[in-house]
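Worksheet: one structure, shown below.
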There are 2 protein chains.
Amino acid sequence: MKSKFQLVYEELAHQIQKGEWQPEELLPSELELVKQYHASRETIRKALKLLSERGYIQKIQGKGSVVLDRSKIDFPFSGVSSFKELSERMNMKVETEVVAFDEVKAHLELQSKLQLTSEQSAICIKRVRKVDGERVILDKDDLVHSVVPGLTADISQNSIYEYIENQLGLVISFARKEIVVEEPTEEDRALLDLDGFSNVVVVRGQTYLDDAKIFQYTESRHRPDKFRFVNFARREQV
Amino acid sequence: MKSKFQLVYEELAHQIQKGEWQPEELLPSELELVKQYHASRETIRKALKLLSERGYIQKIQGKGSVVLDRSKIDFPFSGVSSFKELSERMNMKVETEVVAFDEVKAHLELQSKLQLTSEQSAICIKRVRKVDGERVILDKDDLVHSVVPGLTADISQNSIYEYIENQLGLVISFARKEIVVEEPTEEDRALLDLDGFSNVVVVRGQTYLDDAKIFQYTESRHRPDKFRFVNFARREQV
DNA sequence: TAGTGGTCTAGACCACACC
DNA sequence: GTGTGGTCTAGACCACTAA
């Protein structure tokens, strides 16, 4: 059962995406929306807060909610998204090759990365992503085995996130990520079409479920010319 | 006058940073906090929502608010921060050299980047950032002249954001940023100590005031070994 | 079952923009 | 002054967790 403020958010977001409200226009006032949606003002305000956080509108006290031009940020690499979700949104022609899929007893490095005991095990996956026929991304993922008991190489060729959320019914909650530029390793050179590039962009991160338990350590190594990160951020005023 | 929920947020955030609540511990329940702070539940919930958005806690229905281990993300390059704010938080020894400071009538490129008419003008600034004596960052900023009438080279050697927020009383609201890797330009080679590096990391962005008007176009060019971007993101469930 | 967070309501007062 | 968004309150009901 979706909550009321989510439904209001989705309807307004959809209207903005379809262009029913143009950039620089004002949305109806909160009081107007209260009447339209037969909701209380706080409920409307929750929906507007979501729109604001995701870059759809800017609220201005005394004036109203200004619609922003979201066209420039519609391909975000930000947030917590899977490669499959991204490639679909960006209409890229991509293939995935699973080059390794192993169950491994947690050695010291894995114990620290995934907060495991030495009794537990992890699934270690390496996948190469081809874009337009070129091998440009190497994804290395370590997952807590007990969280994803039925994971197979086949599934991981598709989308691990989809399996976790739709098949297992788990909720992915948040992630920490870091972006740095490094020299290619031997593995990078072997598995990617690096051509002359002397650097790779490395995105490292940990992903958590909604019980605040880590379930994935991920390292994504990109050929620099195919890497792009887009971000919408609000300044923290407090 | 700070609002009540901001004060509650700041106090709890401070307590978590000082370690008064350890990771994996539960914060007091919302009802407890209502009594402690003599506030209504919605007010407490606004404070907790802020803590959650900024990675301090994870709320779990039926259980409580779990404190997260924020130590790993305490140097965020995310959000909208100025170089000075970052360098102070990270305790880096940095110097800034202003290599250009010009008022320019808006030509076509500037008109599109800053949404100006041909009548208006912009301030174009180039600054080189030295870290530990090495020139590793080239910042190129274009600002709407009418927004920052009294800006000088002196001020821009310090912090432009500080001047805008504290001296002019304006409110910086949000930014769009993009990170890509490019080949160095002649200018990069001339102004930075690139040594052997054959790439630069380019962060391009537009910054907006709280009236949703753009006031800054910024391009920050980093030597790859000195670049790092850290991000905390929640998965968008809706 | 008791305690927790999630949602929603109706009403109040304030601060700010615009006329 | 009127209309806008910002904050705060008190109370209600629901969904989930854990004993």
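A, B, ... follow the sequence lines: proteins, then strands. Residue 1 opens every chain.
- With ring centers used as reference points, A:Tyr208 lies 6.0 Å or more from A:Phe215.
- One finds no side-chain N or O of A:Lys63 lying less than 4.0 angstrom from the OP1 or OP2 phosphate oxygen of C:dC16.
- Under the 3.5 Å distance criterion, with hydrogens and angles disregarded, a donor-acceptor pair is assigned to the side chains of B:Tyr161 and B:Gln216.
- B:His145 and B:Glu103 are linked by a side-chain donor-acceptor pair at a separation below 3.5 angstrom, with hydrogens and angles left out of the test.
- The NZ-C1' distance, from B:Lys59 to C:dG3, rounds to 15 Å in whole Å.
- Using a 4.0 Å cut-off between a side-chain N of Lys or Arg and a carboxylate O of Asp or Glu, A:Glu53 and B:Lys49 qualify as a salt bridge.
- A:Ile60 comes within 4.0 angstrom of the backbone, heavy atoms only, and of no base.
- Each of B:Leu31 and A:Ser3 was matched to the nucleotide of DNA chain C holding its nearest heavy atom; the match closer to the 5' end belongs to B:Leu31.
- One atom, CZ of B:Arg41, and another, P of C:dG3, lie 14 Å apart when rounded to the nearest Å.
- On the nucleic acid side, DNA chain D contacts chain B at distances under 4.0 Å to non-hydrogen atoms, with the end points of that region at D:dT7 to D:dA18.
- Ring-plane geometry between A:Phe227 and A:His222 is classed as perpendicular, the angle between the planes exceeding 60 degrees on a 0 to 90 degree scale with a lower cut at 30.
- Taking the six-membered ring where the residue is Trp, B:Phe232 and A:Phe174 present tilted rings, their angle falling between 30° and 60°.
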